[in-house]
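Report on one structure; see the data block that follows.
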There are 2 protein chains.
Amino acid sequence: MINITLKQLRYFEALARHGHFGKAAEACAISQPALSMQIKEMEEVLGATLFERGGRQIRLTHFGEIAADRARDILRSAEELGDLARASRDRLVGRLRIGVIPTIAPYLLPSVVGALTKSYPELDIHVRETVTPKLIDELDDGRLDTAIVALPVSEATLAETALFSERFVLVRSAREANAPLPNADSLREMRLLLLEEGHCFRDQALSFCNLQSGPPREVLDASSLSTLVQMVSAGMGVTLIPEMAVPVETRSASVAISRFEAPEPTRTIGMVWRRRSPLAGQLAEIAEIVRRSAEGLTALREQPAIS
Amino acid sequence: MINITLKQLRYFEALARHGHFGKAAEACAISQPALSMQIKEMEEVLGATLFERGGRQIRLTHFGEIAADRARDILRSAEELGDLARASRDRLVGRLRIGVIPTIAPYLLPSVVGALTKSYPELDIHVRETVTPKLIDELDDGRLDTAIVALPVSEATLAETALFSERFVLVRSAREANAPLPNADSLREMRLLLLEEGHCFRDQALSFCNLQSGPPREVLDASSLSTLVQMVSAGMGVTLIPEMAVPVETRSASVAISRFEAPEPTRTIGMVWRRRSPLAGQLAEIAEIVRRSAEGLTALREQPAIS
DNA sequence: AAGTTCAATAAGTTCATCTTATGATCAATA
DNA sequence: TATTGATCATAAGATGAACTTATTGAACTT
């Protein structure tokens with residue numbers, strides 16, 4: 001291992017440029033002997049002469065010229081490391097890997113990504129959409145910087161902040177639009193369509209039903225809210241969806257949306273990240289941006305409740 | 001100016017690789033606190049976090065990954081600087097800029113360049129052919145590494161070593177081949193063709209004539225020995241050429257070559273270089289190679305002297 | 001031959017870096 | 001829940017590298 005120092009390279013570069021020990025030393029803000037010694041040291045370590053010392057002037061040897069080029073390369077590269085650091089601390093920059101659960105992603109992301117790129121133009125946003133357990137794993141491994149999931153997560157290593165809470169609404173086929181609103185009990189008697197295993201929304205919907213009484217009579221699993229709504233539209237049953245999904249999912253389906261009577265089922269969506277993440281401070285900022293983006297979306301859902 | 005050190009980069013790289021302070025410290029042959037401190041110092045200087053310190057494991061931040069890449073770049077580049085140095089000191093390598101006077105170059109260079117590339121395959125030989133004063137200037141400026149000229153040069157800054165000495169021979173037109181050999185005196189009466197001003201060979205030839213008596217009656221200048229011989233062949237006069245030029249220059253000309261009687265005119269050809277040149281040692285080796293190449297050429301000229 | 005310029009050397013001081021020892025934090029386990 | 005083990009941070013003292021000023025030495029100039 002060669003044991004030259006960046007300091008030596010700096011001195012060397014200065015000497016190569018000035019061709020004069022005194023001037024180079026002055027440029028480096030050190031004394032002439034200090035520079036002489038470091039150059040000598042460098043020549044000894046390299047085992048090669050860098051300068052040809054003539055009485056009046058010094059000149060780079062051929063190897064010295066090669067070395068000077070290389071030294072400039074190295075010094076520039078080191079400077080750039082400093083630049084990179086500065087860029088990454090002044091404002092959020094580089095990559096932000098954000099995980100979102102599937103029952104939020106399609107409705108929240110468009111406005112969130114827009115708001116983020118507006119606030120942090122140099123941010124390279126990577127999105128991962130999958131179920132909560134995987135998101136938490138990836139967060140723990142450092143494969144994600146943050147995740148938007150339903151709270152609570154209750155991992156000691158993770159910080160969490162609430163973003164908003166959203167209601168669940170009932171989706172029935174259009175011809176049942178005027179039928180009486182079922183309560184949790186009567187939902188059990190209907191054909192309830194739910195997301196497949198793994199989705200937290202499935203558990204949340206089920207827990208609402210089970211809150212009052214046993215499990216529903218029959219359950220059919222789908223892999224997305226979109227599919228669920230299409231199934232409902234085809235008369236295969238009823239389902240629950242988060243209110244935020246309503247505008248998108250009911251646009252092309254003939255279904256009726258109904259809010260439940262109090263106590264309405266809701267869930268809290270929040271953002272989580274590793275407590276120790278150096279991005280922690282900036283993630284709190286980002287949470288605020290997400291919160292404001294979501295406000296726009298939740299304002300949208302003020303449709304009259306079917307009571 | 002960013003004040004990180006290569007040492008810090010080495011420690012950082014080790015830590016990035018091992019993901020463990022203790023192991024990285026061991027790999028660097030230092031104590032764990034020493035490594036901790038240097039990493040901390042580096043983070044402070046850069047103003048950015050490099051590692052996310054979890055209780056059980058540490059992980060590079062995003063910036064840390066970028067920095068690690070950059071650090072590896074820099075370290076590799078520094079290692080290569082050492083390699084370059086090693087390569088350049090083990091054997092002569094790279095560029096050798098060699099100057100040769102015009103009355104030697106065409107006859108000596110073919111065998112010398114061949115011998116040099118055989119001995120130093122990685123040597124990149126640059127040849128400069130011009131008159132002695134220019135060669136000496138360029139040598140002094142560092143634009144040449146060495147020069148082959150007629151001795152003595154007598155520059156205090158330059159080292160010189162004799163390579164060989166060569167006779168001057170008389171060139172007459174073929175039909176004068178059997179005429180009596182002129183002595184220096186009678187040369188003055190003939191039309192003597194010489195090289196133009198500036199060539200040392202001109203001065204050497206003149207000094208031979210003047211040695212015994214005044215300047216020659218008439219002088220015509222040519223710019224190369226080849227031209228001189230062609231002029232002689234055309235019956236325009238006589239000339240002197242160095243013996244080494246005979247095989248090449250008389251091949252296609254109908255001229256007669258005659259050696260002078262003792263004391264024969266000769267000159268000593270030698271090699272010169274800056275005393276302080278770091279190549280000094282290797283230039284002495286090169287001189288030896290040139291010497292041996294020239295031996296082949298001087299053996300060639302053992303033609304019977306016309307007495 | 002004397003003076004000037006410039007780099008190398010010498011001697012002493014300062015400051016950075018290392019070491020050992022200890023403390024703090026977190027995770028795993030009884 | 002307290003304990004233990006692992007891991008990194010901190011503290012304090014020791015070492016050594018790098019710097020300073022002063023001086024010498026060599027080469028070029030006048």
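Each chain gets a letter, A, B and so on, in the order its sequence line appears, and its residues count up from 1. What you see is a predicted model, and the numbers here were worked out from it, not measured in a lab.
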(message) Quiz question: by atom type and distance under 3.5 Å, do the side chains of B:Tyr120 and B:Glu285 form a donor-acceptor pair?
(response) yes
(request) Please indicate whether A:Gln204 has more than 12 foreign heavy atoms, meaning atoms of other residues, nucleotides or ligands, lying under 6.0 Å from its CD. (result) yes
(message) In this structure, how many angstroms lie between the C1' atom of C:dA24 and the CZ atom of B:Phe21, rounded?
(response) 15 Å
(request) Would you please confirm or rule out a distance under 4.0 Å between OP1 or OP2 of D:dT7 and any side-chain N or O of B:Arg53? (result) no
(message) Tell me the interatomic distance from A:Leu50, atom CG, to C:dA7, atom P, rounded to whole angstroms.
(response) 15 Å
(request) Grab the CZ-P distance between A:Phe51 and C:dC6 for me, whole Å please. (result) 16 Å
Between side-chain atoms of residues 142-154 of chain A and protein atoms elsewhere (two or more places apart, or another chain), which donor-acceptor pairs fall under 3.5 Å?
residue	atom	partner	partner atom	Å
A:Arg143	NE	A:Asp141	OD2	3.3
A:Arg143	NH2	A:Asp141	OD2	2.8
A:Asp145	OD1	A:Arg97	NH2	2.9
A:Asp145	OD2	A:Arg97	N	2.7
A:Asp145	OD2	A:Arg97	NE	3.3
A:Thr146	OG1	A:Val272	O	2.7

(request) Give none if D:dG5 has no partner; otherwise give the nucleotide forming a Watson-Crick or G-U wobble pair with it, both distances under 3.5 Å. (result) C:dC26
(message) Can you measure B:Ile58 atom CD1 to D:dA9 atom C1' for me and round it to whole angstrom units?
(response) 13 Å
Give every pair of a protein N or O atom and an N or O atom of nucleotides 15-20 of chain D that lie under 3.5 Å apart, one pair per line with the distance.
residue	atom	partner	partner atom	Å
D:dC19	OP1	A:Tyr11	OH	2.6
D:dC19	OP2	A:Gln38	NE2	3.2
D:dT20	OP2	A:Ser31	N	2.7
D:dT20	OP2	A:Ser31	OG	2.7

(message) What is the separation between atom CD1 on B:Ile4 and atom P on C:dA16, rounded to the nearest whole Å?
(response) 17 Å
(request) Taking all non-hydrogen atoms of both residues into account, name the closest pair between A:Val131 and A:Ile101 and its distance. (result) C-CG2, 4.5 Å
(request) Nearest whole angstrom, please: distance from the C1' of C:dT25 to the CZ of A:Arg275. (result) 14 Å
(request) Take B:Ala156 and B:Lys23, find for each the nucleotide of DNA chain D with the closest heavy atom, and name the residue whose nucleotide sits nearer the 5' end. (result) B:Lys23
Taking N or O atoms only and anything under 3.5 Å, show me the protein contacts with nucleotides 2-6 of chain D, one pair per line.
none

(message) Please find the pair of heavy atoms, one from B:Cys200 and one from B:Thr132, that lie closest to each other, and give the distance.
(response) SG-OG1, 3.9 Å
(request) Determine the minimum heavy-atom distance between A:Gly64 and A:Phe12, stating which atoms define it. (result) O-CZ, 3.5 Å
(request) Taking only the side-chain nitrogens and oxygens of B:Ser36, find out if one of them lies under 4.0 Å from OP1 or OP2 of D:dA9. (result) yes
(request) Please determine which of B:Gln32, B:Gln38, B:Lys40 meets the side-chain contact (heavy atoms from CB on, under 4.5 Å) test together with B:Ser36. (result) B:Gln32
(request) Would you name the heavy atoms of A:Arg202 and A:Leu195 that are closest together and state the gap between them? (result) NH1-O, 2.8 Å
(request) Specify the separation, in whole Å, of atom CD of B:Glu44 and atom C1' of D:dA9. (result) 12 Å
(request) Could you pull out the closest heavy-atom pair between A:Ser77 and B:Arg70, with the gap in Å? (result) OG-CD, 3.1 Å
(request) Nearest whole angstrom, please: distance from the C1' of D:dC8 to the NE2 of B:His18. (result) 17 Å
